[in-house]
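To keep things clear, I will list the structure first and then write my remarks on it.
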Amino acid sequence: MRKLISIVIPAYNEADNIPNILNKIRTVFQNLDYRYEVILVDDGSRDNTLDTIKSQALTDERIFFLEFSKNFGHQLAVKAGMDYAFGDCVISMDCDQQHPPELIPAMLEKWEAGYDVVYTVRGEDEKLSRSKRNSSSSFYKVLNWLSDIELEPGTADFRLLDQSVVKIFRKYHENEPFLRGLVKWSGFKQYALNYEPAQRYSGQSKYTVKKMVRLALQGVTSFSIKPLYTAVYLGFAFSLASVLYIPYVMYAFFSGHEVSGWASLIMTVVFFGGLQLIILGIIGIYVGKMFMQSKNRPNYIIRSTNLKTNLN
Ligand code: UDP
Ligand code: MG
């Protein structure tokens with residue numbers, strides 16, 4: 001029997017993109033000797049993404065959907081797809097063709113050569129806005145500096161995982177998974193493929209600045225407690241600095257200049273006020289994570305699916 005490839009695609013308000021990405025996948029697999037299935041995860045879309053998928057599924061029995069009960073976010077959508085993908089390997093990719101399906105044969109080749117994970121690294125894209133490129137590259141710098149994993153700048157959520165790796169992923173129950181980091185952290189034999197991203201086919205990016213900042217904070221705080229140490233180091237550094245300040249205070253006192261210190265006083269108060277808020281915030285994020293995780297709620301809720309699972 002030919003091997004089965006599962007393709008997982010998260011979709012949030014992507015009705016216009018779905019027929020096209022499916023056509024591209026069909027074309028790619030025409031020349032490949034594999035069976036495949038596509039699992040589209042509708043992440044609480046408000047347009048007719050789900051109807052589009054359903055009508056595609058009517059004419060093509062390789063198309064499946066998982067409908068979330070609301071928007072749970074891209075990472076959990078991919079995670080859910082993987083949880084229900086039982087092919088020999090699982091490929092996750094975006095809906096908007098920024099992850100070119102034409103790369104699939106190269107990924108499969110590396111997989112056949114014995115790699116368990118084939119992940120992709122996005123090349124510098126001139127077409128992407130400068131702000132997006134800058135924010136993305138500084139995100140990876142900060143992440144690598146602060147956490148205990150090393151991610152290449154531009155690592156994308158476009159990757160192939162062997163079923164043995166996906167099986168391990170089913171055991172992860174993080175309610176804010178940062179998949180790129182988890183994949184790297186999991187080990188196995190990994191191969192990095194470079195690719196040139198295409199333009200988004202239709203519609204706008206669903207990643208708002210707010211979502212990007214959140215993903216960045218999630219990335220750092222789910223892989224490291226270094227920020228907490230940074231807070232301690234900062235505390236030490238400033239206590240030391242304030243000790244060094246004493247001679248100046250003495251000098252000002254004895255030379256009669258002490259009342260002129262208002263500006264430096266207010267600066268110090270404002271500065272330390274800000275610093276304390278930042279540090280409290282950092283601690284707060286970790287406490288929040290523990291709170292969310294300790295409630296042990298399901299990480300996502302599936303409203304309906306045409307997959308043959310015990311959900312129906
Ligand atoms: N997406 C999702 N839920 C969200 C946001 C995005 O499932 O809350 C999906 C979206 O439909 C797309 C993929 O995640 O298939 C990547 O999103 P997008 O293309 O908007 O991000 P960008 O490429 O701009 O980083
Ligand atoms: Mg995109």
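Note that the numbering runs from 1 along the sequence shown for the chain. Everything quoted here is computed from the prediction, not taken from an experiment. Ligands are counted one by one from 1 in listed order, and the atoms in each one are counted from 1 as well.
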Listing request: all salt bridge (Lys or Arg N to Asp or Glu O under 4.0 Å) pairs with a residue in residues 174-193, at least two apart in sequence or in separate chains.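 Counting only pairs at least two positions apart or across chains, the salt bridge (Lys or Arg N to Asp or Glu O under 4.0 Å) contacts touching residues 174-193 are Glu152-Lys184, Asp157-Arg180, Glu176-Arg214, Glu176-Lys289.
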Is Leu161 reachable from Trp111 through a run of hydrophobic residues whose side-chain heavy atoms are each under 4.5 Å from the next? no
Within a distance under 4.0 Å of any heavy atom of [X], pick out the atoms of ligand 1 and give their elements.
X: Cys95; value: 15 (O)
X: Asp96; value: 19 (O), 23 (O)
X: Asn71; value: 3 (N), 4 (C), 8 (O)
X: Asp94; value: 13 (C), 15 (O), 16 (C), 23 (O)
X: Glu14; value: 10 (C), 11 (O), 12 (C), 15 (O)

Which bit of Asp43 gets closer than 4.0 Å to ligand 1, counting heavy atoms only: side chain, backbone, both or neither?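 Contact part for Asp43 vs ligand 1: side chain (C-beta onward).
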Region of Val41 that comes within reach of ligand 1 [heavy atoms, distance under 4.0 Å]: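 For Val41, no heavy atom sits under 4.0 Å from ligand 1.
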Looking at Lys141, I'd like to know if its NZ atom is crowded, meaning that more than 12 non-hydrogen atoms belonging to other residues, nucleotides or ligands lie closer than 6.0 Å. no
Describe, in one word, how the ring planes of Tyr195 and Phe158 are oriented to each other, choosing from parallel (under 30°), tilted (30 to 60°) and perpendicular (over 60°).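 Perpendicular.
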Under a 3.5 Å cutoff, is there a donor and acceptor pairing between the side chains of [X] and [Y]?
X: Asn175; Y: Asn299; answer: no
X: Thr305; Y: Tyr84; answer: no
X: Ser304; Y: Glu67; answer: yes

Protein N, O or S atoms less than 2.8 Å from the Mg ion (ligand 2), ignoring waters? Asp96 OD2, Gln98 OE1
Could you tell me which residues satisfy side chain to side chain donor-acceptor pair (under 3.5 Å) with Asp116, sequence neighbours excluded, listed by chain and number? none
Does Tyr286 have any ring-ring contact (aromatic ring centres under 6.0 Å, His included) partners at least two apart in sequence or in another chain, and if so, which?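 Applying ring-ring contact (aromatic ring centres under 6.0 Å, His included) to Tyr286 gives none.
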Does the N or O separation between Pro10 and ligand 1 drop below 3.5 Å for any pair?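 Yes: some nitrogen or oxygen of Pro10 is under 3.5 Å from one in ligand 1.
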Got an N/O contact under 3.5 Å between Gly73 and ligand 1?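 Checking ligand 1 against Gly73, no N or O pair falls under 3.5 Å apart.
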Test: Lys70 cationic atom under 6.0 Å from Phe72 six-membered ring centre, within 45° of axis: yes
